[in-house]
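Here the structure is laid out as structure tokens; the discussion comes afterwards.
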Amino acid sequence: MTNANHPTAPIIVVGAGMTGLAAAWELQQRGVPYVLLEAGDYFGGKVQSEPTDDGFLVEKAADAFILGKPWALELAHEVGLQEELIHPREDTKKLYFLRGGKLLDFPQNLKMFVPLDDETFLQSGVLSPEGLQRMLDEQHIPPKPPTDEDESLASFITRRFGEEAMNFIVPLAAGIYVANPYELSMKAAFPQFLALEQKYGSVIAGSRATPRAAGPVFGSFRGGMSTLANAVAARLTGDVRLNTPVLRVHSDGVTVAGGEKIAGSGVILTTPAWYAAPMLHQSFPEASALVGELKANGSVAVILAYRAEQFPQNMHLHGLQVAADEGIEMKAITVHSAKMHGRAPDGHVLVRVFFKDLEPAKARAEAEREVARLFGAQGEPLWYAYADWRGKNPAYQVGHLEHLARIRAALPDNVRVAGASYTGVGIPDCVNAGRTAAREVVTTLNLDA
Ligand SMILES: Cc1cc2nc3c(=O)[nH]c(=O)nc-3n(C[C@H](O)[C@H](O)[C@H](O)COP(=O)(O)OP(=O)(O)OC[C@H]3O[C@@H](n4cnc5c(N)ncnc54)[C@H](O)[C@@H]3O)c2cc1C
């Protein structure tokens, strides 16, 4: 497929994580020549599904994607992965909330953190009786007058659901962003809740008025999340180069390590902000400074493999979330062997234990202690692995969208930044960001057939 209108120079996509792969895929669909440049020796960036010799499948970052945002699923269909799609298991769908040292059953009938019926929530015990009632009273708190002003997640929670609700909502909401709730931008991270407040006068009322789509909420792939990255990469017919770090971005191309200049009519820069800022520095100092101001938070996941008989009971559960006021370093556990089929051989248990910024060895000791304390694990795990994302989780601070507008204004129309640092960290958001950036550059350059 070629487009007679395209200029000689291709569009250059920097980074082959899910954002860059989606951008290249979109350009290919439009018949626009592209060069995809990736510093590493594999596709998928943060998405890393690693099979082990003894039959486990370790996910280093994303282990599933939300289906309510359609973009990842659409891409999966386009690259022929219908048969590979799997969903979290229903038969093991048990979740706990750790508070006051006790494993409490996770409240049923929630939409993210929003209780869909009062009775079930009041009986849950995840907050004090007063805290639970105050959360439900959100239905009677008048909405804030319409405003363009941003606010933090903490401000939103306390304003709508009360102070104590922070202990329950923060692990569920801020966990996704590994964020400081006092800094996380509501407008960038959770605009849907601001919209519900404005439209229905209450988040609870609005959530109850908008029914959930039937069917599973999350999807993944038999071979892990890397399946999507590898399937897209395998179908790219353009100029795709691994092991090619870009050093500098210009309006007419890029310079790669070793000094080669690759001419481009446009550039889509999909690396995280902390890598993008130095690349922009020479040609776009103002944009570079603004991109460099975007902050990152850290997280560490410790992955532990056990034999099932090391536990006194079966480990048929998806995991647990830890209350914000629990006073321990651990934030959550996912029991991957029970959550998804094909993540551990029969008779084995695979867990991922999450922490914020913590030295990996300390996190490992803590993870083993907690798995023993909470689930009675006996003896050492068979092996452990780390997913060390310290300083690698984009932090969307209050004012993030306004900051993005300033970055946009400081770059020429044929140079775009896109990806998890900017418009959403989830895989569907990244796919959408890559494809949108590609469409926008194509339009700017008047390449539409
Ligand atoms: C622990 C963890 C759990 C997560 N869980 C989920 C989940 O369950 N569901 C979900 O939807 N999302 C999840 N995410 C988020 C999601 O995985 C990421 O936001 C997403 O993969 C980011 O994609 P990206 O393409 O924007 O960036 P990246 O994946 O970071 O890709 C950027 C690419 O740019 C390359 N690069 C860097 N510098 C250069 C250079 N100089 N030249 C060329 N290339 C360069 C990098 O090597 C990399 O391949 C999770 C993230 C983490 C850390």
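All values reported here derive from a predicted model rather than from experimental measurement.
- Partners of H250 by side chain to side chain donor-acceptor pair (under 3.5 Å), not counting sequence neighbours, listed by chain and number: T255, S283.
- Here CG of L247 is found 10.0 Å from CD of Q282. Values are rounded to the nearest 0.5 Å.
- In this structure the side chain of V256 never reaches within 4.5 angstrom of the side chain of P245, judged on heavy atoms.
- Exactly one residue among F190, F161, F168 makes a ring-ring contact (aromatic ring centres under 6.0 Å, His included) with F113. That residue is F161.
- Separation of atoms OG (S220) and CG (D63) is listed at 6.5 Å; rounding is to 0.5 Å.
- Residues that satisfy the side chain to side chain contact (heavy atoms under 4.5 Å, CB included) test with A344, not counting sequence neighbours, are F56, S337, H348, L350.
- The side chain to side chain contact (heavy atoms under 4.5 Å, CB included) test applied to A301 returns F354, A387, not counting sequence neighbours.
- The side chain to side chain donor-acceptor pair (under 3.5 Å) analysis of residues 170-184, with sequence neighbours excluded, yields the pairs E183-Q397.
- Partners of E402 according to the salt bridge (Lys or Arg N to Asp or Glu O under 4.0 Å) rule, which considers only residues two or more places apart in sequence or in another chain, are K187.
- For residues 25-53, no residue pair satisfies the ring-ring contact (aromatic ring centres under 6.0 Å, His included) rule, not counting sequence neighbours.
- The heavy-atom pair separating L67 from G219 by the smallest distance is CG-N, 3.8 Å.
- The CG atom of D239 sits 7.5 Å away from atom CG of L37, with the distance rounded to the nearest 0.5 Å.
- Every residue meeting the side chain to side chain contact (heavy atoms under 4.5 Å, CB included) condition with E84, not counting sequence neighbours, appears here in chain and number order: L81, F221, R222.
- Within the structure, salt bridge (charged side-chain N to carboxylate O under 4.0 Å, His left out) contacts touching residues 287-300 (residues at least two apart or in different chains) do not occur.
- Rounded to the nearest 0.5 angstrom, T271 OG1 and M279 CE are separated by 3.5 Å.
- H77 pairs in a side-chain contact (heavy atoms from CB on, under 4.5 Å) with only one of the listed residues (V79, L75, L73), which is L73.
- When the side chain to side chain contact (heavy atoms under 4.5 Å, CB included) test is applied to P394, the partners found at least two apart in sequence or on another chain are K46, W274, Y396, A420, S421, V425.
- With 3.5 Å as the limit, one finds a donor-acceptor pair spanning the side chains of H318 and T92.
- For the atom pair CG (L280) and OH (Y275), the distance works out to 15.0 Å, reported to the nearest 0.5 Å.
- F65 CZ to D429 CG: the interatomic distance, rounded to the nearest 0.5 Å, is 12.5 Å.
- For residues 318-338, every residue pair satisfying the salt bridge (charged side-chain N to carboxylate O under 4.0 Å, His left out) rule, not counting sequence neighbours, is listed here: R99-D325.
- Within the structure, the salt bridge (charged side-chain N to carboxylate O under 4.0 Å, His left out) test picks out the following pairs touching residues 261-289 (sequence neighbours left out): D252-K261.
- For F218, there are no ring-ring contact (aromatic ring centres under 6.0 Å, His included) partners at least two apart in sequence or on another chain.
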